[in-house]
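First the structure, in the form of structure tokens, and then the observations on it.
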Amino acid sequence: MSLGSVACVDPATSDSDTMSATLRVVTILLLCSLPELATAWGDLGHETIAWIAQSYVSSTTASAIKDILGLTQSDYMANVSTWADTYRYTSGGRWSAPLHFIDANDSPPSSCSVEYSRDCGSTGCSISAIVNYTSILLDDESSDTTRYDAMKFLIHFIGDLHQPLHDEALDVGGNDINVTYDGDHTNLHHIWDTEIVEQLADGASAESFAKNLTASIKAGSNGWDVNSWLDGTTLNDTLSTAITWAKEANGYVCSDVLSAGIDAVEKGDLSGSYYKAHFDVARVQIARAGYRLGAWLNLIFTGKTAG
Ligand SMILES: *[C@@H]1O[C@H](CO)[C@@H](O)[C@H](O)[C@H]1NC(C)=O
Ligand SMILES: *[C@@H]1O[C@H](CO)[C@@H](O)[C@H](O)[C@H]1NC(C)=O
Ligand SMILES: *[C@@H]1O[C@H](CO)[C@@H](O)[C@H](O)[C@H]1NC(C)=O
Ligand SMILES: *[C@@H]1O[C@H](CO)[C@@H](O)[C@H](O)[C@H]1NC(C)=O
Ligand SMILES: *[C@@H]1O[C@H](CO)[C@@H](O)[C@H](O)[C@H]1NC(C)=O
Ligand SMILES: [Zn+2]
């Protein structure tokens with residue numbers, strides 16, 4: 001999901017002349033062998049969203065998903081939730097890169113907005129992708145391979161849509177805003193995909209982090225008004241549903257992610273007071289994404305949101 005971040009960074013670009021050529025090669029190989037570096041709502045975010053969705057799908061829906069994916073294992077949705085982030089970096093999958101985000105051309109923090117005609121772009125975006133892959137799954141005539149890809153894309157893109165910086169054009173969705181987090185030099189997009197989520201999960205697996213969030217959804221903890229999370233959610237208008245979700249996520253760019261402006265996040269270490277002030281946004285957005293993904297799949301396969 002990271003818009004412009006690369007899978008592995010050549011350390012020579014940051015620490016120029018000090019490293020020997022051999023050490024550089026070894027370091028690059030080591031960095032490139034760590035899969036986490038490539039991804040967004042990193043793997044943890046996507047897998048957590050998938051696990052939450054799994055606890056909201058009906059048995060009919062679960063069977064349909066397993067059948068399409070050809071999987072019987074307990075983590076059937078989490079298993080495919082990060083595939084799209086690998087696929088986009090392959091030569092055959094490069095066309096799908098724009099589908100991970102919508103570049104809202106607004107002006108945070110003073111003004112946030114998403115306008116489909118202004119922001120989606122001719123090569124598509126997360127919103128057109130959710131509309132397209134939903135209609136493919138609803139169409140009895142779709143081929144098995146088309147449905148297989150549609151399922152994997154939908155599970156991933158509904159997650160991506162809930163990460164505020166996947167609904168923002170400014171500085172390539174924050175990829176070009178350098179920040180420090182827990183002593184590491186990274187960028188604003190990346191910390192919202194990964195570091196903030198990892199700090200929140202505090203070492204828990206995706207499955208147990210999802211159990212915690214699902215329990216909070218059921219209890220209505222954290223001030224969550226869960227009854228409103230499916231307002232406007234309808235297969236009669238998949239476009240307006242996805243736009244509603246995108247606008248909500250984009251609003252957090254103004255209210256939280258960049259509320260004090262770009263200069264403010266370029267200073268200091270964001271794992272301290274910035275994390276404390278804004279982690280609840282990452283938490284509610286992961287919970288909402290999982291809850292909505294489950295309800296959306298129920299709608300597709302049973303016509304009802306509840307399992
Ligand atoms: C998905 O499950 C298959 C086995 O069915 C396994 O080989 C593969 O490593 C899993 N992938 C992920 C990303 O969990
Ligand atoms: C819908 O998805 C299919 C399969 O990925 C793709 O071939 C097609 O171009 C997409 N259509 C639109 C309108 O995005
Ligand atoms: C951000 O960091 C990158 C790589 O470390 C560097 O090339 C770039 O100049 C930095 N950008 C700004 C605006 O400081
Ligand atoms: C979720 O985890 C947090 C942090 O560890 C904890 O305070 C909270 O009580 C847990 N919530 C539930 C519903 O288990
Ligand atoms: C969707 O359309 C159907 C048929 O027109 C209608 O019965 C139903 O109430 C609509 N549902 C929503 C949520 O708008
Ligand atoms: Zn993505």
Side-chain angles (χ1 to χ4, degrees), residues 1-6 8-16 18 31 34-52 54-55 65-87 89 148 151-152 155-156 159 170-181 183-191 196-224 226 258 261-268 270 275-276 279-280 282-284 286-287 290-291:
M1 5 180 118
S2 31
L3 306 185
S5 71
V6 286
C8 41
V9 180
D10 179 350
T13 57
S14 39
D15 275 343
S16 39
T18 48
L31 285 173
L34 294 173
E36 277 75 15
L37 291 177
T39 58
W41 266 154
D43 287 356
L44 178 62
H46 278 292
E47 289 171 2
T48 303
I49 288 165
W51 278 109
I52 295 170
Q54 280 186 215
S55 66
I65 299 167
K66 288 176 180 172
D67 190 46
I68 289 169
L69 295 175
L71 294 176
T72 53
Q73 62 214 54
S74 63
D75 68 342
Y76 61 101
M77 281 174 69
N79 180 271
V80 301
S81 65
T82 59
W83 166 81
D85 276 334
T86 309
Y87 180 64
Y89 291 108
Y148 177 60
M151 180 59 74
K152 292 189 293 178
I155 289 170
H156 185 87
L170 184 70
D171 281 328
V172 198
N175 272 287
D176 288 348
I177 300 175
N178 290 347
V179 307
T180 303
Y181 202 93
D184 292 335
H185 297 293
T186 176
N187 68 70
L188 189 68
H189 186 96
H190 195 273
I191 71 163
I196 291 174
V197 183
E198 286 177 353
Q199 189 168 344
L200 192 53
D202 194 24
S205 66
E207 187 179 4
S208 52
F209 185 34
K211 279 201 180 111
N212 178 289
L213 294 175
T214 303
S216 297
I217 292 170
K218 292 195 169 133
S221 317
N222 308 322
W224 292 349
V226 177
L258 280 169
I262 295 174
D263 290 354
V265 294
E266 287 174 335
K267 292 189 209 101
L270 303 191
Y275 171 83
K276 285 201 192 74
F279 76 86
D280 58 325
R283 185 176 61 184
V284 75
I286 287 173
Y291 187 75

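Positions are given from 1, in the same order as the sequence printed here. Read the numbers this way: they start at 1 and go in the same order the structure lists the ligands and their atoms. In this text the structure is predicted, and so the values were computed from the model without any measurement.
Using a 4.0 Å heavy-atom cutoff, S216 is listed among the residues neighbouring ligand 4.
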*asked:* Under the criterion side-chain contact (heavy atoms from CB on, under 4.5 Å), I'd like the reasoning laid out for L213 against I286: C-alpha separation, chi angles, the key distance, then a yes or no.
replied: CA-CA 8 Å; L213 294 175; I286 287 173; 3.7 Å; yes
*Would W51 and T214 count as a side-chain contact (heavy atoms from CB on, under 4.5 Å) if you check the C-alpha gap in whole Å, the side-chain angles of each, and the deciding distance to 0.1 Å?*
CA-CA 9 Å; W51 278 109; T214 303; over 6 Å; no
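When hydrogens are left out, the protein atom nearest atom 14 (O) of ligand 4 is N212 ND2, 3.5 Å; that is the closest non-hydrogen contact. Scanning the protein for heavy atoms near atom 5 (O) of ligand 1, the closest one is Q73 OE1, 2.6 Å. At the shortest separation from atom 13 (C) of ligand 4 among protein heavy atoms lies A215 CB, 3.5 Å.
Nearest-residue assignment for atom 8 (C) of ligand 3 (options D171, N187, N175, N178; heavy-atom criterion): N178. Looking at T86, N79, T72 and measuring to atom 10 (C) of ligand 1, the nearest heavy atom belongs to N79.
In this model, no donor atom of one side chain and acceptor atom of the other lie less than 3.5 Å apart for H190 and N175.
For atom 2 (O) of ligand 4, the protein comes within 4.0 Å by at least one heavy atom.
Between S74 atom OG and E207 atom CD the span is 6.5 Å, to the nearest 0.5 Å.
Checked by atom type and distance alone, the side chain of H156 never pairs as donor or acceptor with a backbone atom of A84 at under 3.5 Å. Panel note: side chain N187, backbone H189; a donor-acceptor pair is recorded below 3.5 Å.
Checked against a 3.5 angstrom limit, the closest N/O atoms of D75 and ligand 1 fall outside it.
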